[in-house]
Amino acid sequence: MLVEEHDTGKLQAAVDGLLHYADGHIAALEISSLGPPEEARTMNLLNKSRHKRYVEGITSDWIISLPWNFHPAKFPQIDNALRHCEKIGARRLSRADGTNYAVDELLDLGVSGTATAESATGAAVVWLVTASIGGFTGTGSQELPRQVNDALLESKMQTKLKKLGASGYKEQHLFLNIRSQAFSFPVYENLCFGGPLPSEPPQLPDGLTELWLASGIKDGGVVRAIAGQEWRREHPFD
């Protein structure tokens with residue numbers, strides 16, 4: 001299979017790509033993401049910075065855990081809070097509760113942090129991660145079809161489906177990058193780390209022949225929903 005970029009700006013409302021199969025037939029491809037835009041904003045910023053932040057005036061490396069919807073405008077508060085923590089000898093953000101406005105605001109937002117060790121290089125590094133999610137596991141396969149159907153009813157997804165329908169190609173594929181808040185924890189865990197998939201054939205919207213769900217985590221591979229046939233887990237990262 002060969003993927004050809006199709007939306008080059010020269011065609012109005014063109015799909016993102018065309019899939020060329022060995023037997024000569026062609027399928028339309030649209031690529032998008034699923035999950036709150038606030039999470040995308042936070043993750044894009046962390047990825048660009050390689051999850052690092054350098055703060056003047058601190059001597060220890062820190063690990064800071066952020067909520068998925070942390071706003072970039074609040075990053076200076078982290079700098080101020082860590083400088084204050086080191087000034088009063090607090091090795092955890094929570095131990096400075098009630099002593100500083102920046103610390104209190106971050107704690108209210110769900111931020112946590114721990115100093116790990118004195119910087120060996122003299123340039124202290126603040127490592128930024130997103131808070132882990134949790135919940136009951138083992139029900140992801142049962143809940144996946146309903147949650148997928150609900151997601152595809154959202155206006156953004158309806159726009160993607162209309163583009164595919166207007167492409168003129170009988171075979172239509174929608175590839176979605178899945179963020180952690182797109183589905184419930186059991187479903188997201190199943191997509192990320194593997195597990196059983198629904199036994200009933202996928203019932204996709206009219207015209208959509210295949211739906212691809214990718215969490216970006218190797219263990220889970222990419223889950224394919226083939227309309228009227230089966231749910232399948234592929235492992236392209238291997």
Side-chain angles (χ1 to χ4, degrees), residues 31-137 151 156 175-194 213-222 237:
I31 301 171
S32 189
S33 60
L34 202 59
E38 297 89 351
E39 183 179 11
R41 176 193 63 202
T42 301
M43 293 309 301
N44 287 340
L45 185 64
L46 295 185
N47 290 335
K48 286 180 181 178
S49 68
R50 298 186 178 182
H51 291 255
K52 293 181 183 179
R53 187 173 180 84
Y54 297 95
V55 179
E56 291 186 7
I58 64 174
T59 59
S60 294
D61 295 337
W62 285 74
I63 297 178
I64 299 295
S65 177
L66 305 173
W68 59 267
N69 57 350
F70 188 79
H71 198 284
K74 298 293 183 182
F75 274 106
Q77 295 291 69
I78 294 177
D79 303 352
N80 294 333
L82 296 188
R83 282 191 284 262
H84 173 75
C85 284
E86 292 203 356
K87 181 179 179 180
I88 66 172
R91 305 289 291 175
R92 290 180 181 273
L93 196 63
S94 59
R95 290 180 180 169
D97 188 13
T99 66
N100 178 266
Y101 173 78
V103 171
D104 293 345
E105 182 176 12
L106 292 177
L107 292 174
D108 288 343
L109 291 172
V111 177
S112 61
T114 303
T116 57
E118 291 292 315
S119 173
T121 64
V125 178
V126 178
W127 296 95
L128 303 168
V129 299
T130 50
S132 60
I133 59 175
F136 294 104
T137 62
K156 176 183 175 181
F175 186 101
L176 297 177
N177 291 297
I178 306 301
R179 295 189 286 274
S180 66
Q181 301 298 314
F183 298 127
S184 67
F185 173 74
V187 171
Y188 183 66
E189 183 210 36
N190 184 290
L191 294 176
C192 289
F193 303 111
L213 305 172
S215 69
I217 296 178
K218 180 179 178 179
D219 291 349
V222 178
F237 307 115

Looking only at atom types and distance, does a side-chain atom of Arg83 sit under 3.5 Å from a main-chain N or O of Glu56, one as donor and one as acceptor?
yes
Do you know the tightest heavy-atom contact between Leu128 and Phe75?
CD1-CE2, 3.6 Å
Mind checking the CG-SG spacing from Asn80 to Cys85? Nearest 0.5 Å is all I need.
11.0 Å
Please tell me if the side chains of Phe175 and Ile31 come closer than 4.5 Å, counting only heavy atoms from C-beta onward.
yes
Using side-chain heavy atoms (C-beta onward) and a distance below 4.5 Å, is Ser60 in contact with Arg91?
yes
Minimal heavy-atom distance between Trp62 and Glu86, with the atoms involved, is NE1-OE2, 3.0 Å
When rounded to the nearest 0.5 angstrom, what distance separates CZ in Phe183 from CG in Asn190?
11.0 Å
Interatomic spacing from CG in Asp79 to CZ in Arg53 - rounded to 0.5 Å
4.0 Å
Spacing of CD1 belonging to Ile88 relative to OG1 belonging to Thr99, to within rounding of 0.5 Å:
4.0 Å
Show the nearest heavy-atom pair for residues Trp127 and Lys52, with the distance to one decimal.
CH2-CE, 3.1 Å
Measuring from atom NE2 of His51 to atom CG of Leu45, what distance do you get when rounded to the nearest 0.5 angstrom?
9.5 Å
Does a side chain donor of either Glu105 or Gln77 reach within less than 3.5 Å of an acceptor in the other side chain?
yes
So which pairs with a foot in residues 106-117 pass salt bridge (Lys or Arg N to Asp or Glu O under 4.0 Å), sequence neighbours left out?
none
Report yes if some heavy atom in the side chain of Trp68 is under 4.5 Å from a heavy atom in the side chain of Thr42; otherwise report no.
no
Could you tell me which non-hydrogen atom of Asp61 sits nearest to which non-hydrogen atom of Val125, and how far apart they are?
OD1-N, 2.8 Å
Value for NE2 (His84) from CD1 (Ile58), rounded to nearest 0.5 Å, stands at 14.0 Å
Tested for side-chain contact (heavy atoms from CB on, under 4.5 Å) against Phe70, the lone hit among Leu106, Leu46, Thr130 is Leu106
Heavy-atom closest contact (Asp104 atom, Gly98 atom, distance):
OD1-N, 2.7 Å
Of all the heavy-atom pairs spanning Lys156 and Ser32, show the shortest one and how long it is.
CE-OG, 3.1 Å
